[in-house]
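Step one of this worksheet: look at the structure below.
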There are 2 protein chains.
Amino acid sequence: MSDIKRAYNFNPGPGVLPLEVLQEAQAELLNFKGTGMSVMEISHRSKEFEAVIQTAEADLRELLNIPANYKVMFLQGGATLQFTMLPMNLRPAGASADYIVTGTWSKTAIKEAKKLGTARAVADTEAEGFNSIPASLDLDPQAAYLHFTSNETIHGVEYFSEPTPPDGVPLVCDTSSDFISRPIDITKYALLYAGAQKNAGPSGVTVVIIRDDMLERVPENLPVMLDYKTLAASGSLHNTPPSFAIYMVGLVFKWAKKLGGLEAVEKNNRAKADLVYKTIDQSGGFYRGHAKPEARSLMNIPFRLHSEELEETFAKEAKKENLIGLKGHRSVGGMRASIYNAMDLAGTQELVKFMKEFQKKNG
Amino acid sequence: MSDIKRAYNFNPGPGVLPLEVLQEAQAELLNFKGTGMSVMEISHRSKEFEAVIQTAEADLRELLNIPANYKVMFLQGGATLQFTMLPMNLRPAGASADYIVTGTWSKTAIKEAKKLGTARAVADTEAEGFNSIPASLDLDPQAAYLHFTSNETIHGVEYFSEPTPPDGVPLVCDTSSDFISRPIDITKYALLYAGAQKNAGPSGVTVVIIRDDMLERVPENLPVMLDYKTLAASGSLHNTPPSFAIYMVGLVFKWAKKLGGLEAVEKNNRAKADLVYKTIDQSGGFYRGHAKPEARSLMNIPFRLHSEELEETFAKEAKKENLIGLKGHRSVGGMRASIYNAMDLAGTQELVKFMKEFQKKNG
């Protein structure tokens, strides 16, 4: 196995996973902890799987410093199902919820919320191309909650300090693409959710962190798989959970702890993002970043070149150099480098080296 | 890896997977088809993953002989989320749906359906302990659909020929625990769904097969992750799918084809079930099967011994012999042997040998 040439994987998610996590999963894929079974073959009610899910939760609590009055759930359906479960569970009948719209994902979140009741956009940066964090918010002091997307994967804009909701309005966050990328103060949040397939593991599992008092809002008689109260009470084991995906996020949490926790992870992420943004800024306009400097994401860096033709060439030549997943989303165009936790400095240096050489040849 | 002692895995699900499927997944876990990435790290929009999901679907279509006017979807949330999605999508406002209640799972299905509208039990065998297939049904000729559970995992009762709905009433089936265990005539069904974690793969993916005309019933403005029409139109790629679980079910489908398809699979399953049922029947009452002989499941075989104490001893000694997962569900008590597709005849022979020896010692 040692002669595999690993790709430099800049996919926006599913994306790069830590090599040592994959190696551990591979080594024990046929025989999990001496059971004579794969982790995929053991019962979700077995003591072995209990250890998997409980350790994953404990490690996540340690990484994010999650207080005891929050529940952690490992659910299915991605962030997109949370767009529905959130208002279904936390917006009382007749109430309205506030949404900050800063990109494709928050726009989709409010769209789903509106299907089931009232939701208001308290700011919307679409007219400017979703390239900033809004300076002011038209907040409703009676809102059921205030929702924001801490990092817009497609547009590459990220919140580095939380918006402040009116007193008593719970703050809710879709943190899918910057989850566990740096320390945050969980006590500011009533609920956070994240599809795992960016920083935390493979696709197929969504982490939901919810403050206990929010569970009191959950209406009676919800469909059981959409009911936070039932799912939290069962420890994510109301029905068969996505065992292998939970096992994998557990390995990733352990890896992040070993790196030194989220302080170390953030330091690494800042160093990587600095490298790429500096290359963009020092290119004399050859590369143009999408987001305004103060809103630049540490995770996803969309940028354009002079022409679509040149962008095609960039993607093609990058691929030849084993730099994968750099084509941007069609709604922004151009390129996008996703540099999640598991992308290391060396891989980022390879990207930057390629960008400079490409400019030299084509500038 | 060759010196691993594989457990004889009789877990009810997640359960045993084909060894060669696990070996293939292990071999390419770090480098999928020469990409330099794990299958977990590639984009769900990449041509490599397109091949994964399209091949999985094509192989399933071949195995089950699925006509062109059916869609195949790979969803999340298990059969339990289907208990909600089914009435939400296929029961028009004000209409009623019929359910045959033959065990814990169909009982849960109707309970969820009742949360969102009207559902009638057209037969209910609970009073007799859920040990049979009902002889007669009180059918509604106007029902939105007739739902049945082809195999009750907990009670071990299985349908070997489909119930016949009134003319024009679509037949819907939860086939989670006997999916791809034998050939069936898909054209009798309007919709089938199955959590993969019994015969088809790991947990975390649910296969839904739906006849095209059913999609016309789907109401406007459903939450997108609960909307069959949107999900079918996107080819299960509306949002990030559970890639690794889909990859694994694809490997299992390929394995089943290599075995000779579902005729060969059924022959094998009948031989295994015969072995266990004969051992029960020839034990002179030492072992007592739960289901009536004509309703006996080929997949899950619950049985009792004379006392709970003896049952405890049975489970403990079986485990020492590397026979895993034989404790029954608390609602039936006693033992349960789940002998899914990937449990081979040799493993079943080990179980039967143990049962006979245990009886000799304790009879």
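Keep in mind that the numbers below use all heavy atoms, side chains included, and drop hydrogens, waters and symmetry copies. The structure displayed is predicted, hence computed values, not measured ones.
- You'll find the side chain of A:Leu22 reaches within 4.5 Å of the side chain of B:Met40, heavy atoms only.
- Heavy atoms of A:Leu116 lying under 4.5 Å from chain B belong exclusively to its side chain.
- Checking side-chain atoms of A:Gln76 against main-chain N and O of B:Gln76 turns up no donor-acceptor pair under 3.5 Å.
- For A:Pro241, the part lying under 4.5 angstrom from a heavy atom of chain B is the backbone only.
- For B:Trp255, the CH2 atom is densely surrounded, since the number of other residues' heavy atoms within 6.0 Å is greater than 12.
- B:Met37 places none of its side-chain heavy atoms less than 4.5 Å from the side chain of A:Tyr8.
- B:Leu226 and A:Leu226 get closest at one heavy-atom pair: CD1-CD1, 3.9 Å.
- Taken from CG in B:Asn31 to NZ in A:Lys5, the straight-line distance is 11.5 Å, to the nearest 0.5 Å.
- In terms of modelled atom types and a separation under 3.5 Å, the side chain of A:Glu41 and the main chain of B:Val16 share no donor-acceptor contact.
- Only the backbone of A:Ile42 comes within contact range of chain B, with at least one heavy atom under 4.5 Å from a heavy atom of that chain.
- Using a 4.5 Å cut-off between heavy atoms, A:Ala25 contacts chain B through both its backbone and its side chain.
- Using a 4.5 Å cut-off between heavy atoms, A:Thr35 touches chain B through its backbone atoms (N, CA, C, O) alone.
- To the nearest 0.5 Å, atom CD of residue A:Glu28 and atom CD of residue B:Gln26 are 10.5 Å apart.
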Worksheet item: side chain to side chain contact (heavy atoms under 4.5 Å, CB included) between A:Thr84 and B:Met225: does it pass, once the steps are laid out?
Response: CA-CA 8 Å; A:Thr84 293; B:Met225 290 305 291; 5.8 Å; no

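- Within the 3.5 Å criterion, the main-chain N or O of B:Pro223 finds no donor-acceptor partner in the side chain of A:Glu112.
- Top candidate by heavy-atom pairs under 4.5 Å with chain B, chosen from A:Ile324, A:Asn322, A:Asn11, is A:Asn11.
- If you tally non-hydrogen atom pairs under 4.5 Å between each of B:Pro202, B:Gly195, B:Gly77, B:Ser43 and chain A, the highest count goes to B:Gly77.
- Ranked by heavy-atom pairs under 4.5 Å with chain B, the list A:Pro242, A:Ser38, A:Gly15 is led by A:Gly15.
- The shortest heavy-atom contact between A:Gln23 and B:Leu30 is CG-CD1, 3.8 Å.
- B:Lys115 places a side-chain N or O within 3.5 Å of a backbone atom of A:Leu222 that can act as its donor or acceptor partner.
- Judged purely by atom type and a 3.5 angstrom limit, A:Asn239 has no side-chain atom pairing as donor or acceptor with the backbone of B:Ala79.
- Annotation for A:Pro14 and B:His44: closest pair CD-ND1, 3.4 Å, computed over non-hydrogen atoms.
- Shown here is A:Lys327, whose NZ atom has no more than 12 heavy atoms of other residues, nucleotides or ligands within 6.0 Å.
- For A:Lys198, no part sits under 4.5 Å from any heavy atom of chain B, backbone or side chain.
- Donor-acceptor pairing under 3.5 Å is lacking for the side chains of A:Thr240 and B:Ser203.
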